[in-house]
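Since the structure comes first, as structure tokens, the remarks are kept for the end.
As the structure lists them, so they are numbered: ligands from 1, and atoms in each ligand from 1.
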Amino acid sequence: MVDFTLTDEQKNLREMAHDFAEKEIRPVAWEYDRDGTWPEEIIKKAWEVGLMNTHIPEEYGGPGAGYLDGCLIEEELSWGCSGIQTSLGCNGLATAPVVIAASEELKKEYLGRLTEAPLLASFCLTEPDAGSDVSGMKTTAVRKGDKWVINGSKCFITNGGYANWYTVYAKTDKEAGHRGISAFIVPRDAGVVVDKKEDKMGQRASNTATVSFNDVEIPADHLIGEENKGFKIAMMTLDRTRPGVAAMATGIARAAMEFAIDYSKERVQFGVPIAMHQAIQFMIADMATDVEAARLLTWKSAVMLDQGQRNTLLSSHAKRFAADAAMKVATDAVQVYGGYGFIKEYPVEKLMRDAKIMQLYEGTAQIQRLVIARETLLPRRVEEPATAGV
Ligand code: COS
């Protein structure tokens, strides 16, 4: 039986996240966007009320909430401001590899840090010359006695300037392509250098930085999982986090649709509110369908994870569709506002800029299509459990 009814607990969680978005995020979102303000206070409050680190298992101090639970929160907070939600949610990306494959000691120490204090962690995969092509990375980790020595540079790192520790991918065998990549935990105080904060088109309240490792030494036991298994750990991580990005995109689309609906009822042209014109009604109708469909795909991709199934295909379906939907709905919301939509004083201009990153980060829309094509043409992986391979 397929049942889309949320439990009372899930409804409460969603309501709590919505209240938080409405009271703490929305009132400052446009100002923070304009000034590129780091949302430190909001992070502290979200941490205190339990809206961060929801995925960390109970044995390491987290609530151990499910993936669907996480998506409910992510949609609401992103409805408030997706830039601020990117800052709040990034720990989920950094900790997924740790939850998937790290030793008990590493889990206790590093997941524990995030549940004991409002600290942040970052996920360092992308490099200037290795974005979609993960295997092209140049960062290296060389074993020297009881240490790993890391050298290289990672870019577009969310929360990079503020993280307490980093999940870092590096080549441990340069000749072995994707089979020569390993994942590590690198504490900031091991000597991580934050080089550059990006000045972005959208999500301007989130911090995006370049971080460098110049002969950074970490203990040998800071390897996550087995040596040379980092690529698979990264892919399994993205399977788990893309539903959350899809939920965020759904939140942006919903916010844009709501603004467009409200405005279309107020704005009078040709003697009637523009909502009375079929041209506007059809745009609103398509927005409503897109939001609904994006949410359904998101929920399905998350529920598969909660059931322990491999969700690679659904995760890419959800991320691809919801991101494209957010971009389209936000663009059409600007259209509904007409010339006013192009002006910063009105809310939808920000949403259109914010939506764009949804088609870029955690795998571009084209990478999602590539995954979908592979999984559809070669459906061999679909029956595998979510934990296969590591
Ligand atoms: N789960 C587990 N294993 C996976 C997997 C998944 N979702 N996807 C791929 N793998 C495994 C494959 O089974 C294969 O295993 P073997 O070594 O046993 O053969 C291995 O990983 C390599 O897979 P593949 O051949 O598909 O790798 P490609 O180099 O062709 O890369 C893409 C695949 C392009 C999909 C991948 O590099 C990718 O997702 N790129 C985008 C990265 C991204 O999202 N970056 C954003 C920044 S992170 S915020």
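- One N or O on the side chain of W30 and one on the backbone of P347 form a donor-acceptor pair closer than 3.5 Å.
- Aromatic rings of F4 and W299 (six-membered ring for Trp) have centroids beyond the 6.0 Å cut-off, not under it.
- Only side-chain heavy atoms of F231 come within less than 4.0 Å of ligand 1; its backbone N, CA, C and O stay farther off.
- Aromatic ring centroids of F282 and H277 lie 6.0 Å or more apart.
- The proximity of D133 to ligand 1, defined as any non-hydrogen pair under 4.0 Å, does not occur for either the backbone or the side chain.
- The shortest N/O to N/O separation between S132 and ligand 1 falls below 3.5 Å.
- Of the polar atoms of T126, none of the N or O atoms is found under 3.5 Å from an N or O of ligand 1, judged by distance alone.
- For a threshold of 3.5 Å applied to N or O pairs, the pair formed by V371 and ligand 1 contains no separation below that value.
- Residue H178 touches ligand 1 through its side chain alone, judged by heavy-atom distances below 4.0 Å.
- In the vicinity of D239, heavy-atom distances shorter than 4.0 Å reach the ligand 1 atoms 1 (N), 6 (C), 7 (N).
- The shell of residues lying under 4.0 angstrom from ligand 1, judged by heavy atoms, includes R242.
- Considering Y169, Y166, W165 in turn, Y169 is the only one that fulfils the ring-ring contact (aromatic ring centres under 6.0 Å, His included) rule with F123.
- For F123, the closest heavy-atom approach to ligand 1 falls below 4.0 Å.
- Residue-ligand proximity, L238 to ligand 1, at heavy-atom distances under 4.0 Å covers atoms 43 (C), 44 (O).
- In this structure, of E375, R374, R240, the residue bringing a heavy atom nearest to atom 24 (P) of ligand 1 is R374.
- Among residue pairs with one or both ends in residues 353-363, those qualifying as salt bridge (charged side-chain N to carboxylate O under 4.0 Å, His left out) are D33-R353, E349-R353, K350-D354; sequence neighbours excluded.
- At a 4.0 Å heavy-atom cut-off, ligand 1 does not touch F156 at all.
- Of the candidates R179, K154, R310, R310 brings a heavy atom nearest to atom 4 (C) of ligand 1.
- In this structure, D35 contributes its side chain and T37 its backbone to no donor-acceptor pair below 3.5 Å.
- Of the possible donor and acceptor atoms, one in the side chain of T289 sits under 3.5 Å from a partner among the backbone N and O of A285.
- The nearest non-hydrogen atom to atom 38 (C) of ligand 1, considering only M235, E362, K232, comes from M235.
- Within ligand 1, the atoms closer than 4.0 Å to a non-hydrogen atom of V134 are 37 (O), 40 (N), 42 (C), numbered from 1 in the order shown.
- Following chains of ILVMFWY side-chain contacts shorter than 4.5 Å, one cannot reach Y110 starting from L223, and the two form parts of different hydrophobic clusters.
- Checking each of T115, T95, N91 against N53 for a side chain to side chain donor-acceptor pair (under 3.5 Å) leaves exactly one that passes, namely N91.
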